[in-house]
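Written out below as structure tokens is the structure these notes cover.
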Amino acid sequence: MKIICVDDENLVLELVVRLCEELPQINEVVSFSSSPEALEYMKNNSADLALLDIEMPKMNGIALAVKIKELHPDISIIFLTGYSNYALEAFKIHANGYIMKPIEKEKLVAEINHALSSKAISKYPHIFAKTFGEFEFLIDGKPLHFSRSKSKELLAFLIDKQGAGVKRAVAFAALYEDELYDRKMQKSFNVIVHSLKTTLTENGIGEIFEMNSGELRINPDMFECDLYRLLQGDVQAVNSYRGEYMSNYYWANMTEAFVDKSLIK
């Protein structure tokens, strides 16, 4: 994630930059002491989040935010200011946050984390794992076709594990409840694994599925998922849950029970 910081007060700017650089999810912080300088930079560069002072000479932070959003509509904006009277204007342009100076570290970190967490969720909006009800894996709203039903189930099982590595024997036991994992079935399971990898690769998303040191896993950063949204407290996801989770697979009962229990609290 990349952040730009704009403030004509050097001490404040240095403080904000230092706090941003301490956050693990931020890869780059670029700072500016004037609005025109920042705007010129954004004409040829992008960022995930802009932290903007409001009272600045030549161009205030509200005007700068409008121009930056014209160039990069998806950028998040957080205002850092000593004036409360700009709040209405700020939220009219859909600012993600409005922090009063002097800046408190905890407040700044919380606002940045909130803004960037929503970025992470929407990074791959065209790939969606639907786990509420019966499982479906959609690309641009269309269910992905699997030549083998067990390959689809394997993908569902790995999504249920939320990115954790799973031993082949463990995955096999989930998909073939009463079968012995002997040499014959190991070969059969290898066909399922290969079929899943082929299907994903043919649809341009092969990197979502990883095989390392005898373990299988999916990369949860490569797609959206209603379960993951719910676990992150997304209100829309919570409201869309109707008490059924991957209802076509028996092994999903444990996660379903966990979700039910967490929503009761």
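Here the structure is a predicted model, which means the values were calculated and not measured.
Residues Y181 and L175 share a single hydrophobic cluster, defined by chaining ILVMFWY side chains whose heavy atoms lie under 4.5 Å apart. Connection of M254 to V166 is not established within any shared hydrophobic cluster, with ILVMFWY side chains joined at heavy-atom distances below 4.5 Å, either directly or through further cluster members. Hydrophobic clustering (ILVMFWY, side-chain heavy atoms < 4.5 Å, transitive): Y250 and F172 are in one cluster. Following chains of ILVMFWY side-chain contacts shorter than 4.5 Å, one can reach L154 starting from M185, so the two form part of one hydrophobic cluster. Under a hydrophobic clustering in which Ile, Leu, Val, Met, Phe, Trp and Tyr are joined whenever their side-chain heavy atoms come within less than 4.5 Å, directly or via other members, L11 and I99 fall into different clusters.
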Decide side-chain contact (heavy atoms from CB on, under 4.5 Å) for N253 and F258; before the verdict, give the C-alpha distance in whole Å, the side-chain angles of both, and the deciding distance to 0.1 Å.
CA-CA 9 Å; N253 291 341; F258 173 79; over 6 Å; no

side-chain contact (heavy atoms from CB on, under 4.5 Å) evaluation trace for C5 with I3:
CA-CA 7 Å; C5 305; I3 289 181; 3.8 Å; yes

Go through the steps to decide whether W251 and E177 satisfy the test side chain to side chain donor-acceptor pair (under 3.5 Å), and finish with yes or no.
CA-CA 9 Å; W251 45 258; E177 184 180 8; over 6 Å; no

Under the side-chain contact (heavy atoms from CB on, under 4.5 Å) rule, what do Y241 and E256 come out as? Steps first, then yes or no, please.
CA-CA 10 Å; Y241 180 67; E256 182 179 289; 3.5 Å; yes

Y98/I78 under side-chain contact (heavy atoms from CB on, under 4.5 Å): CA gap, chis, key distance, verdict
CA-CA 6 Å; Y98 193 96; I78 295 177; over 6 Å; no

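Between the CG atom of L144 and the CD1 atom of I139 there is a distance of 5.0 Å, given to the nearest 0.5 Å. Interatomic distance, OG of S31 versus CD of E21, reported as 8.5 Å (0.5 Å rounding). To the nearest 0.5 Å, the span separating CG on L80 from NZ on K101 amounts to 6.5 Å. Distance check: R183 CZ to L180 CG gives 13.0 Å after rounding to the nearest 0.5 Å. To the nearest 0.5 angstrom, I127 atom CD1 is 12.5 Å from C225 atom SG. Note that the CD1 atom of I77 and the CD1 atom of I4 stand 7.0 Å from one another [nearest 0.5 Å].
A donor-acceptor distance shorter than 3.5 angstrom exists from the side chain of N248 to the backbone of F135, with no hydrogens or angles considered. One N or O on the side chain of H72 and one on the backbone of N45 form a donor-acceptor pair closer than 3.5 Å. Panel note: side chain S46, backbone M42; no donor-acceptor pair is recorded below 3.5 Å. At least one donor-acceptor pair closer than 3.5 Å links the side chain of D48 to the backbone N or O of K2. Between the R217 side chain and the G163 main chain, a donor and an acceptor come within less than 3.5 Å of each other. Looking only at distances, a side-chain donor or acceptor of N113 sits under 3.5 Å from a matching main-chain atom of V109. For Y249 (side chain) and E134 (main-chain N/O), no donor-acceptor pair under 3.5 Å exists by modelled atom type. Of the possible polar contacts, none joining the D53 side chain to the T81 backbone as a donor-acceptor pair under 3.5 Å is found. Remark: the backbone N or O of F132 is not paired with any side-chain donor or acceptor of E244 at under 3.5 angstrom.
For the side-chain hydrogen bond (donor to acceptor under 3.5 Å, both in side chains) test, residues two or more places apart in sequence or in another chain that qualify with T131 are D226. Residues passing the side-chain contact (heavy atoms from CB on, under 4.5 Å) test with E22 are R18, L19, K105, sequence neighbours excluded. For Y83, there are no side-chain hydrogen bond (donor to acceptor under 3.5 Å, both in side chains) partners, not counting sequence neighbours. Evaluation of the side-chain hydrogen bond (donor to acceptor under 3.5 Å, both in side chains) rule for R168 yields N190 as partners, not counting sequence neighbours.
Side-chain contact of D8 with S33: a donor-acceptor pair under 3.5 Å is absent, judged by distance alone. Judged purely by distance below 3.5 Å, without hydrogens or angles, the side chains of D160 and Y245 pair a donor atom with an acceptor atom.
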Sequence neighbours excluded and cut-off under 3.5 Å, please list the side-chain donor-acceptor pairs for residues 191-198, or say none.
residue	atom	partner	partner atom	Å
S195	OG	S147	OG	3.3
S195	OG	S151	OG	3.3
K197	NZ	G206	O	2.7
K197	NZ	F209	O	3.1
T198	OG1	H194	O	2.9

List the atom pairs, donor and acceptor, that lie under 3.5 Å between side-chain atoms in residues 55-69 and the rest of the protein, sequence neighbours left out.
residue	atom	partner	partner atom	Å
E55	OE2	Y86	OH	2.5
N60	OD1	I62	N	3.1
N60	OD1	A63	N	2.9
K69	NZ	I75	O	3.0

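Checked for salt-bridge contact, K187 and D182 miss the test: no charged N lies under 4.0 Å from a carboxylate O. Taking 4.0 Å as the cut-off between side-chain N and carboxylate O, K92 and E89 do not count as a salt-bridged pair. Classification of K152 and E136 as a salt-bridged pair holds, one side-chain N sitting under 4.0 Å from a carboxylate O.
In terms of heavy atoms, Y228 sits closest to I159 at OH-O, 2.6 Å. Looking at every heavy atom in both residues, C20 comes nearest to V29 through CB-CG2, 3.8 Å. Taking each heavy atom of E37 and S34 in turn, the nearest pair found is CB-OG, 3.1 Å. Across every non-hydrogen atom of H145 and T199, the tightest pair is O-CG2, 3.5 Å.
The shortest distance between side-chain heavy atoms of K43 and L71 falls below 4.5 Å. When side chains are defined from C-beta on, T255 does not count as touching M246, because their heavy atoms never get closer than 4.5 Å. Using a 4.5 Å cut-off on side-chain heavy atoms (C-beta onward), N96 and E111 make no contact. A 4.5 Å side-chain heavy-atom check between E28 and I26 finds every atom pair outside the cut-off. Using a 4.5 Å heavy-atom threshold, the side chains of L51 and I112 count as touching. At a threshold of 4.5 Å between non-hydrogen side-chain atoms, the residues F137 and I205 count as touching. Between L158 and L216 there is a side-chain heavy-atom pair separated by less than 4.5 Å.
Taking the centre of each ring, F32 and Y41 come in below the 6.0 Å mark.
The side-chain tip of K150 does not point at the ring of F157 from less than 6.0 angstrom away and within 45° of straight on.
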